[in-house]
J.: 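A single structure is presented below for examination.
Convention: sequence-line order gives letters A, B, ...; per-chain numbering from 1.
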Amino acid sequence: MNPEPHDLTVLLNRGIAGDRNAADQAFTFVYDRLRAIAAGPGGAAKPDGTMHATALVHEVFAKLVKSNAATMNDRRHFFSVAAKAMRHIAIDHARKALSKKRGGGAARVSDTNLEAPTGSDPLQVLALDEALKELTDLHERQASVVELRYFAGLSVQEVADTLGCSPRTVELDWRTARAWLRTRLGETDR
Amino acid sequence: MIRARYAQAADIFAEALDRPEPDRESFIADACEGDDELRSTVESLLRSDADASFLDTPYTHDDSGAIENIDRLDRAVAVGHYRVRGRIALGGMAAVLLAEQENPHREVALKLLFLDGTASDTLTGEAAALGRLQHPNIARVYEAGTATVTLDDGDSFTASYIAMEYIQGVTLADFATSKTLDRRDVATLLLSIAGAIGHAHQRGVVHRDLKPSNILVDHDGGPHIIDFGVGIVRDGNTSSTASSLAGTISYMAPEQLLGQLDRIDTRADIFALGAIGYELIAGKPLHAGVEHLDDAVMARIVESSPAAGATFRAQAGGQLARVLRRATEPSLDRRYQSASEFAEDLRRVIDGRPLDADDASAVRALAFYARRHKAAAGAIVVVFVTLAAAVAVTLAASSATERALVLAESSREDAAQQA
């Protein structure tokens, strides 16, 4: 049974207040919605079947929260949950894409190879996820900034609103985290 | 690396960024105070920072595979035991095909869903509930299940489907723009829809997303609710209002807009009916012009209905204006308490009889409602049909709104099953 949109803000609020069950439900709800849209045409998708996280997350936000007179808090809660959900979706998708390539779908792969790759590189997504886990231990807020900017496609201002800090802090966090991640991923490349 | 170490490097990195490039090297050397490891960390951060393209574009999802199936639907020749005759609509997570059933022989609108797992469960449960509805103004649901879609080249895949009554017609939104409707036409249309909604309410189904785009008007001018939780929005000329915020929120009762879940009941549908009536008369949505649902706008919406305005009274005439005003009352208590009460007043408007919608009857109705509600509360089952993404066939993505359906199962039936 899915909670309906009006419920989502309630779930999000309860989740923030420490209700694990509500937090899980809210996550599942947002995750399902994002995945459903990501899995099909129409909506935020471009004709070639790709879609940017920004469009995806905002489409789901508009559907689930906006028509519901969202407060700043609702936005905040939604975006942090959505960013995590998007990250999961990206990882699942990347894993699937890789296993397809490794697995029996040889003919398929040659088909798709004819076209230029349009989405994010699955290998990079997985490596980024691993590196982000490390960054979370080193600097949690910076890792959140990356999650919100890269996986949810939020703007600097939106990230600042979500995290409750200044855009300047977000910029700096982003730049530092990005440099660190780049360095970290560069190491694994070698 | 440990946190303190990272913080140190990050600080020096940040400060170095603030300095002009030529000064950076000496600044870093000073700041690191002979700590070579720290220095090399900061330097590698700066080198990486130069790669501006890294993570520059947010994550981009590529799932062209899912699209394949929906595109290939054009070449579908059969879905289970249905023969495909054409495509009615396509979009969102689903497509609607025109198909033929052999036995009994009839045309059906076949709605296909491309989601697995929960979506098909939702669909089946929903179809079961909707199967109980039998009303000339509600598109019938014949059957739901999972079937093999066969393409013209023999290829096939599996999809969940709902087979529904096929209604030839245009959406109420399009109907209203193509025809001049007088007050009587509007009242008559509303009366039919109110009958259908009343029928659903009696069977414990609350629609909650009634709007002109999910009501089809057939060639004889009869309206049919096609979107009872199966979310079919016809494609083609979707009016621009439908995609605006006003086009979405105008049919939502204030308690829905406020997210007061426990207050949303059959009266939310009455509100939607009133809002539809308002739009048919006024030629614009109830909350036309609203672009943001900020506090000021919400305060206005909760304060009074636009149908209470003098301009609208002049357009609708005193009688119909009063009825629509009461249907769109922000206050639940002052709104019509049932579809039949609303229908009764519409009949009076059509017959030119005086309304007797006085306060006393409202109070009586409220008391009745409260009693009935209390009794039913224990047996109410709420099924939330997922929004557009899962069930609605959203042909214009912009017009996608949340679909929600409350099924208040009859307590008798539950009791009977358990007994």
J.: What part of A:Leu154 gets closer than 4.5 Å to chain B, counting heavy atoms only: side chain, backbone, both or neither?
T.: neither
J.: Assess whether side-chain contact (heavy atoms from CB on, under 4.5 Å) is satisfied between A:Thr176 and B:Tyr6, documenting all intermediate values.
T.: CA-CA 10 Å; A:Thr176 313; B:Tyr6 179 82; 4.0 Å; yes
J.: Could you tell me which non-hydrogen atom of A:Asp137 sits nearest to which non-hydrogen atom of B:Arg3, and how far apart they are?
T.: O-NH1, 2.7 Å
J.: Side chain, backbone, both or neither: which part of B:Leu17 has an atom under 4.5 Å from a heavy atom of chain A?
T.: side chain
J.: Determine, for A:Arg175 against B:Asp49, whether the closest basic-nitrogen to carboxylate-oxygen distance falls under 4.0 angstrom.
T.: yes
J.: Show your working on side-chain contact (heavy atoms from CB on, under 4.5 Å) between B:Thr41 and A:Trp180 and close with a plain yes or no.
T.: CA-CA 9 Å; B:Thr41 305; A:Trp180 186 79; 5.6 Å; no
J.: Is a side-chain donor or acceptor of A:Arg182 paired with a backbone partner of B:Phe54 at a separation under 3.5 angstrom?
T.: no
J.: Nearest 0.5 Å, please: how far is OG in B:Ser48 from CZ in A:Arg178?
T.: 9.0 Å
J.: Could you give the distance from CG (B:Leu45) to OG1 (A:Thr183), rounded to the nearest 0.5 Å?
T.: 5.0 Å
J.: Where on B:Asp11 is there a heavy atom nearer than 4.5 Å to chain A: the side chain, the backbone, both, or neither?
T.: neither
J.: For atom CD of A:Glu134, is the number of surrounding heavy atoms from other residues, nucleotides or ligands below 6.0 Å larger than 12?
T.: yes
J.: So how far is it from A:Trp174 CH2 to B:Leu55 CG, rounded to the nearest 0.5 Å?
T.: 5.0 Å
J.: Sort out for me which residue in A:Arg149, A:Arg87, A:Met86, A:Gln124 forms a side-chain contact (heavy atoms from CB on, under 4.5 Å) with B:Tyr59.
T.: A:Met86
